[in-house]
Structures are given as structure tokens and as C-alpha cells.
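Atom set for the values below is all heavy atoms of this structure, side chains included, hydrogens, waters and symmetry mates excluded. In the text below, chain A, chain B and the rest are named by the order of the sequence lines, each starting its count at 1.
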There are 2 protein chains.
Amino acid sequence: MKLDTADRDILRLLQTNSQLTMKELSEQVNLSITPIHERIRKLEKSGHIDRYVALLNRKKMGKALLVYCNVTLDKQRRESFEEFNEAVKRMPEVMECCVVSGNFDYLLKVVAEDMEDYNNFYQQNLSVLQSVQHISSFFVMSEIKSTTQLPV
Amino acid sequence: MKLDTADRDILRLLQTNSQLTMKELSEQVNLSITPIHERIRKLEKSGHIDRYVALLNRKKMGKALLVYCNVTLDKQRRESFEEFNEAVKRMPEVMECCVVSGNFDYLLKVVAEDMEDYNNFYQQNLSVLQSVQHISSFFVMSEIKSTTQLPV
DNA sequence: GTTGAAACCGGTTGTCT
DNA sequence: AGACAACCGGTTTCAAC
């Protein structure tokens with residue numbers, strides 16, 4: 001499915017505020033309500049729009065500490081990767097996890113209340129995994145930018 | 001403001017789907033519509049709920065390449081940090097940017113269409129900044145987990 | 001915090017251009 | 001494919017418990 005300018009405009013707007021009314025969207029996109037409605041329906045069905053969510057304020061939710069960590073797995077064990085992937089999916093503290101090129105295997109983004117909370121997570125959840133060989137943590141001192149908006 | 005179990009339930013639900021109706025929420029939280037409504041209003045006003053957004057599918061949007069990069073700044077120049085921060089905020093390709101502990105200064109999460117697109121960004125936008133001394137890029141080979149849901 | 005009612009919007013659908 | 005209008009469902013507000 002190919003997107004035109006109007007589709008892109010709609011996506012750009014919904015990425016910043018999903019509660020805009022059809023009327024507000026129609027004014028900003030220069031289309032009447034009917035086509036706006038139809039286009040959104042198609043964008044949802046095609047999967048361009050994945051879901052609608054509420055974004056919470058991390059600090060207000062008591063997760064003041066943000067940590068990125070590099071994890072190296074024990075590559076001798078063939079099951080290591082599957083094991084680690086599944087474990088990470090079940091950890092609510094881990095918000096992002098991916099396999100990266102370079103000299104470590106995984107990059108994780110982890111939230112915690114404070115250093116003590118992170119230490120508990122580290123000791124009790126992360127380092128206990130059989131598949132984990134090495135972990136190094138990078139603590140976020142200042143968050144310059146954090147957005148869910150993809151360039152459209 | 002202190003959150004009770006009902007507030008947490010509401011936040012947990014809205015983080016996965018912000019389009020649940022008051023009726024659906026009231027059924028899952030075991031409260032009637034009136035208090036659900038009132039609690040959401042308070043959570044919005046207190047800032048626990050930051051905003052409502054549509055999340056798009058990165059690959060469907062043609063951003064197949066995901067890259068994390070470590071950036072080291074030229075620390076001789078005092079304006080470096082402010083300059084770099086402001087530049088990054090203006091780059092739509094950069095979805096996350098933070099100052100981290102360790103042997104580099106910044107960690108960036110960048111999306112691009114493909115390697116060529118990333119190379120253009122790298123050469124024309126990132127490496128040209130006066131403040132930048134060194135960049136190393138880590139390419140994401142597999143995304144295991146990516147969520148906006150904070151643990152509640 | 002609950003229920004019920006009423007008013008108001010906005011989403012949804014059908015028809016016409 | 002887009003505009004218009006009527007309908008319907010959900011949100012919002014209120015009063016009484």
C-alpha cells in the first residue's frame with residue numbers, strides 16, 4: 001500500500017495526539033470527515049497504525065533511573081539466544097532489547113526506581129540467567145530526547 | 001499524588017490500548033463509569049498520563065534499519081553539549097538521545113530506510129557537527145522487544 | 001463510590017454528487 | 001473519491017443515594 005501526502009499528514013498528526021477528532025484532522029489535512037475516516041480505517045487495517053496507547057511520565061511513575069546495558073551471551077550453548085530472548089520478554093523492567101552488531105550481543109534499555117532497585121534486578125533477574133556471560137551497564141545521566149514519532 | 005490499585009490497573013490498561021471505552025475499563029477495574037472517568041481526569045492532570053498517541057509500524061513505514069550510536073564530543077569546546085543537544089532535537093531520524101556514563105558521551109537511537117539512507121544521515125547531519133569528535137554505530141540485527149509500557 | 005438520567009459530541013453509515 | 005446529513009454510541013455532567 002502506497003501512502004500519499006494526506007495519509008502522511010494524518011499519521012504525523014496521530015503520532016503526536018491520537019485523540020484529535022475527525023473534525024480537527026479534517027481541518028488540518030484539508031479533507032472532509034468522510035475521507036479522513038476512511039483513510040484512518042485503511043491505515044489501521046494495513047498495519048501502518050499499530051496501536052493507540054497512553055504514554056506515561058516515567059519519573060512520575062517512580063522510575064527515575066534509566067539504564068542501557070550491553071549483554072554478552074555464552075555462545076557455547078546453542079539454546080542461549082532463545083532462552084535469553086524469552087526471559088527478557090517476561091521482564092517488565094526491560095523496555096527495549098535487541099541484537100546488535102559489534103563486540104557485544106544485546107543492547108537493553110531498562111527502567112528502575114533507583115540504584116538499589118536496579119541492583120536487585122541485575123542480581124536477581126539478569127545475571128542469574130545461565131545464558132549470560134557478561135553485562136556492562138551504562139547509566140543515563142540526562143535524557144535529551146525520547147519520542148515514539150517515526151519520521152513520516 | 002499517590003496511586004492505588006485501581007489507578008494502577010487503569011494505567012496498565014491504557015498503556016496497552018488507549019481506546020478502551022469507559023465501560024470496558026469499568027468492567028476490568030471493578031469500578032463504575034463515574035469514578036473511572038474521574039480517576040483518568042486526575043491522572044491526566046497530575047501528569048502521570050503524558051499523552052495519547054498512535055504507534056506506527058516501523059517497517060511498514062519504510063524504516064527497516066535501526067541503529068544505536070555512541071557519540072563522543074569535543075570537550076574542549078564549552079558550547080559543545082548545548083549545540084549537540086539542540087541539533088539532535090531537530091533530527092527526526094533520532095528517536096532517543098541521552099547522556100550516559102562510561103567512556104562515550106551520548107547514546108542515540110536512529111531509524112533509517114536502509115544503509116544508504118543511514119550513510120547520508122551520518123555524513124550530512126551527524127558527523128558534520130562541530131561538536132562531534134567520534135561516532136561508532138551499532139546496527140540492530142534483530143529487535144527482540146520494544147515497548148512503551150512502563151512497569152506499573 | 002454507585003446508579004441512573006440527560007445533554008452533548010463525535011464517530012459511523014448511507015446517499016448523493 | 002469526497003461532501004452532507006442523519007443516526008447512534010460513548011463521554012460527560014449532574015443529582016440522589
Distance check needed: [N] [atom2] versus [X] [atom1], whole Å only.
X	N	atom1	atom2	result
B:Arg39	D:dT11	CZ	C1'	18 Å
A:Gln19	C:dC9	CD	P	17 Å
A:Ile40	C:dG10	CD1	P	14 Å
A:Leu31	D:dC4	CG	P	12 Å
B:Tyr52	D:dT11	OH	P	11 Å
A:Asn17	C:dG10	CG	P	13 Å
B:Ile36	D:dG10	CD1	P	15 Å
B:Glu24	D:dG9	CD	P	14 Å

Review point. What is the minimum heavy-atom distance between A:Arg39 and A:Leu31, and which atoms define it?
Key: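 Smallest interatomic distance, heavy atoms only, reads NE-CD2, 3.4 Å.
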Between [Y] and [X], is the closest basic N to carboxylate O distance under 4.0 Å?
X	Y	result
B:Glu27	B:Lys23	yes
A:Lys60	B:Asp50	no
A:Glu38	A:Arg41	yes

Exercise for review: Answer with base, sugar-phosphate or nothing: what part of the nucleic acid does A:Ile33 contact at a heavy-atom distance below 4.0 Å?
Suggested key: base
Exercise for review: Would you classify B:Thr21 as touching base, sugar-phosphate or nothing, given that sugar-phosphate means primed atoms plus P, OP1 and OP2, and contacts are heavy atoms under 4.0 Å?
Suggested key: sugar-phosphate
**Study point:** B:Ser127 side chain to B:Tyr122 backbone, donor-acceptor under 3.5 Å
**Key:**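 Yes.
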Practice item. For the pair B:Lys145 (side chain) and A:Met91 (backbone), establish whether a donor and an acceptor sit closer than 3.5 Å, ignoring hydrogens and angles. Key: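 Yes.
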Practice item. Answer yes if A:Val99 and B:Val110 sit in the same cluster of Ile, Leu, Val, Met, Phe, Trp and Tyr residues linked by side chain heavy atoms under 4.5 Å apart, and no otherwise. Key: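 Result: no, two separate clusters.
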Can you tell me if [X] touches the phosphate of [N], counting only side-chain N or O atoms and a distance under 4.0 Å to OP1 or OP2?
X	N	answer
B:His37	D:dT11	no
A:Lys23	C:dT12	no
B:Arg41	D:dT12	no

Check your understanding: Of all the choices, D:dG2, C:dT2, D:dC4, which nucleotide is nearest to the side chain of B:Thr34 once you look at every atom?
Key ->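 Given the options D:dG2, C:dT2, D:dC4, the side chain of B:Thr34 is closest to C:dT2.
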Check your understanding: Which nucleotide sits closest to the side chain of A:Met22: D:dA1, C:dT12, D:dA3?
Key -> C:dT12
Point to revise | Dot-bracket notation for DNA chain C, counting Watson-Crick and G-U pairs under 3.5 Å, with | for partners on another strand | key: ||||||||||.||||||
